[in-house]
2 protein chains.
Amino acid sequence: MKQVRSSEWTGAFKQHRLRLTKPRQLIVDVLGATSDHLSAEEVYLRVHPKYARIGLTTVYRTLDVLVRMGIVSRLDFGDARSRYELVERSGKPSHHHHLVCSSCKRVVEYDDFMDEEVKLIKKLEKALSRKHGFGITGHVVQFLGLCPACKTLARA
Amino acid sequence: MKQVRSSEWTGAFKQHRLRLTKPRQLIVDVLGATSDHLSAEEVYLRVHPKYARIGLTTVYRTLDVLVRMGIVSRLDFGDARSRYELVERSGKPSHHHHLVCSSCKRVVEYDDFMDEEVKLIKKLEKALSRKHGFGITGHVVQFLGLCPACKTLARA
DNA sequence: ATGTTATTGATAATGGATATCAATAACATC
DNA sequence: GATGTTATTGATATCCATTATCAATAACAT
Ligand SMILES: [Mn+2]
Ligand SMILES: [Mn+2]
Ligand SMILES: [Zn+2]
Ligand SMILES: [Zn+2]
């Protein structure tokens with residue numbers, strides 16, 4: 001198969017001694033083209049029209065690879081499947097957290113007060129790693145509630 | 001079967017028009033007797049010696065009921081199964097967050113700086129509900145990292 | 001004590017994710 | 001550009017947490 005000539009990601013894959021294959025390129029492309037938080041199956045469905053022989057197994061494996069490379073974040077919004085987003089995507093607040101509707105699972109990204117949040121998070125990381133000896137590598141901050149639509153439905 | 005005469009929970013079940021059954025009482029007891037964050041199967045294993053005919057299905061259903069009643073919190077530490085804790089348990093910081101080892105899934109509860117955290121959370125809840133029209137009902141705050149033991153293993 | 005009905009638990013089924021393994025494609029080397 | 005090595009793929013089977021079904025049972029209002 002014709003190899004991917006070169007892309008934004010060639011270097012990152014080289015560094016990790018991984019091959020930049022057609023499926024991997026297409027999967028990153030799909031994540032780069034949306035602001036949604038896609039499940040593995042949704043990624044599969046969006047790659048399929050462009051590359052019909054893609055396998056769902058490959059999507060799962062590739063998303064794992066991308067998470068380990070630090071290119072993709074794995075998210076959990078409580079709907080029994082992992083969801084994925086590019087760590088850095090143009091047009092998205094670089095560091096953001098999520099507001100999740102516990103009924104319909106709609107997700108809103110926010111970065112209001114992110115400076116204050118990050119400042120407190122940094123302080124907590126320092127205190128917790130000293131107190132408990134953890135090497136802290138990340139955090140999850142999300143708010144749960146009812147989106148406007150689900151709030152209206154609940155009223156009826 | 002002999003009914004549960006009366007317990008700390010009689011009132012709560014009455015209010016919700018639910019029956020306080022033997023399995024339900026035993027499951028709450030198990031959660032009240034530990035500081036661990038138990039999975040459904042772990043709850044089942046701890047009830048079984050006291051009540052051998054308990055069914056795993058009942059444990060799942062009961063945990064759901066308790067979560068809906070607001071007596072129990074459902075937690076997700078990324079190990080592919082839900083975990084549960086009493087919302088209020090003596091000897092536990094009333095409001096706390098979690099520090100999770102991403103390798104062995106060990107969990108540490110913390111409440112350092114909880115006042116500051118809660119203050120910022122309150123502010124964010126207000127701002128987000130105004131901006132996005134969500135009715136916010138809860139939040140998830142957790143730190144991820146490597147516990148001392150897993151840090152040592154990684155060095156080797 | 002009795003009747004109604006919520007609850008239980010054995011069983012089967014669902015669905016997201018992973019293990020297996022022969023076929024294939026990426027790419028380092030020449 | 002051709003070649004050989006080997007990482008990667010994808011069809012398939014399987015795992016495992018959780019849920020659906022439904023007849024039997026137990027809680028509790030009366
Ligand atoms: Mn996001
Ligand atoms: Mn806890
Ligand atoms: Zn909603
Ligand atoms: Zn650990």
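Below, chain A is the first sequence line, B the second, and so on; all start at residue 1.
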If I take atom [atom1] in residue [X] and atom [atom2] in nucleotide [N], what distance separates them, rounded to the nearest angstrom?
{"X": "B:Tyr44", "N": "C:dT8", "atom1": "OH", "atom2": "P", "value": "15 Å"}
{"X": "A:Leu63", "N": "C:dG16", "atom1": "CG", "atom2": "C1'", "value": "13 Å"}
{"X": "A:Leu66", "N": "D:dT8", "atom1": "CG", "atom2": "P", "value": "12 Å"}
{"X": "B:Leu18", "N": "D:dC28", "atom1": "CG", "atom2": "C1'", "value": "13 Å"}
{"X": "B:Tyr60", "N": "C:dA13", "atom1": "OH", "atom2": "P", "value": "19 Å"}
{"X": "B:Leu26", "N": "D:dA26", "atom1": "CG", "atom2": "C1'", "value": "14 Å"}
{"X": "B:Ile27", "N": "C:dT7", "atom1": "CD1", "atom2": "P", "value": "13 Å"}
{"X": "A:Leu56", "N": "D:dA13", "atom1": "CG", "atom2": "P", "value": "16 Å"}

Take the angle between the ring planes of A:His37 and A:His96 and call it parallel below 30°, perpendicular above 60°, tilted in between.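 Tilted, since the angle between the ring planes falls between 30° and 60°.
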
Specify the residue among A:Thr62 and B:Ala40 whose closest nucleotide of DNA chain D lies further upstream toward the 5′ end.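 It is A:Thr62, whose closest nucleotide lies nearer the 5' terminus.
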
For the side chain of [X], starting at C-beta, report the closest nucleotide among [options].
{"X": "B:Arg81", "options": "C:dA17, D:dT18, D:dT8", "answer": "D:dT18"}
{"X": "A:Tyr51", "options": "D:dT9, D:dG10, D:dT25", "answer": "D:dG10"}
{"X": "A:Thr21", "options": "C:dC27, C:dT24, D:dT9", "answer": "D:dT9"}
{"X": "A:Thr57", "options": "C:dA19, C:dA10, D:dA27", "answer": "C:dA19"}

Can you tell if the side chain of A:Tyr84 reaches within under 4.5 Å of the side chain of A:Leu38, non-hydrogen atoms only?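 A:Tyr84 vs A:Leu38: side chains apart.
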
Which one is paired to [N], where only Watson-Crick or G-U wobble pairs with both distances under 3.5 angstrom count?
{"N": "C:dA28", "result": "D:dT3"}
{"N": "D:dA17", "result": "C:dT14"}
{"N": "D:dT30", "result": "C:dA1"}

Please determine whether a side-chain nitrogen or oxygen atom of A:Arg24 lies at a distance below 4.0 Å from atom OP1 or OP2 of D:dT8.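 Yes, such a contact exists.
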
Could you report the tightest heavy-atom contact between B:Arg106 and B:Pro148, atom names first, then the distance?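 B:Arg106 and B:Pro148 have their closest heavy atoms at NH2-CD, 3.8 Å.
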
Can you find a side-chain donor-acceptor pair between A:His139 and A:His97 that sits under 3.5 Å?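 A pair is found: one side chain offers a donor N or O, the other an acceptor, under 3.5 Å apart.
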
For the residue pair A:Tyr110 and A:Glu117, confirm or rule out a side-chain donor-acceptor distance under 3.5 Å.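 Looking only at side-chain atoms, A:Glu117 and A:Tyr110 do form a donor-acceptor pair, the distance falling under 3.5 Å.
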
Remember a base hit wins even if backbone is also touched, and classify [X] as base, sugar-phosphate or nothing at under 4.0 Å, heavy atoms.
{"X": "B:Arg19", "answer": "base"}
{"X": "A:Ile54", "answer": "sugar-phosphate"}
{"X": "A:Ser82", "answer": "sugar-phosphate"}

Which comes earlier along DNA chain C counting from the 5' end, the contact point of A:Glu41 or that of A:Arg61, where each point is its nearest nucleotide?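 Result of the comparison: A:Glu41.
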
With a sphere of 6.0 Å drawn around CD of A:Glu41, does it hold more than 12 non-hydrogen atoms of other residues, nucleotides or ligands?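 Atom CD in A:Glu41 is not packed in, count stays at 12 or less.
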
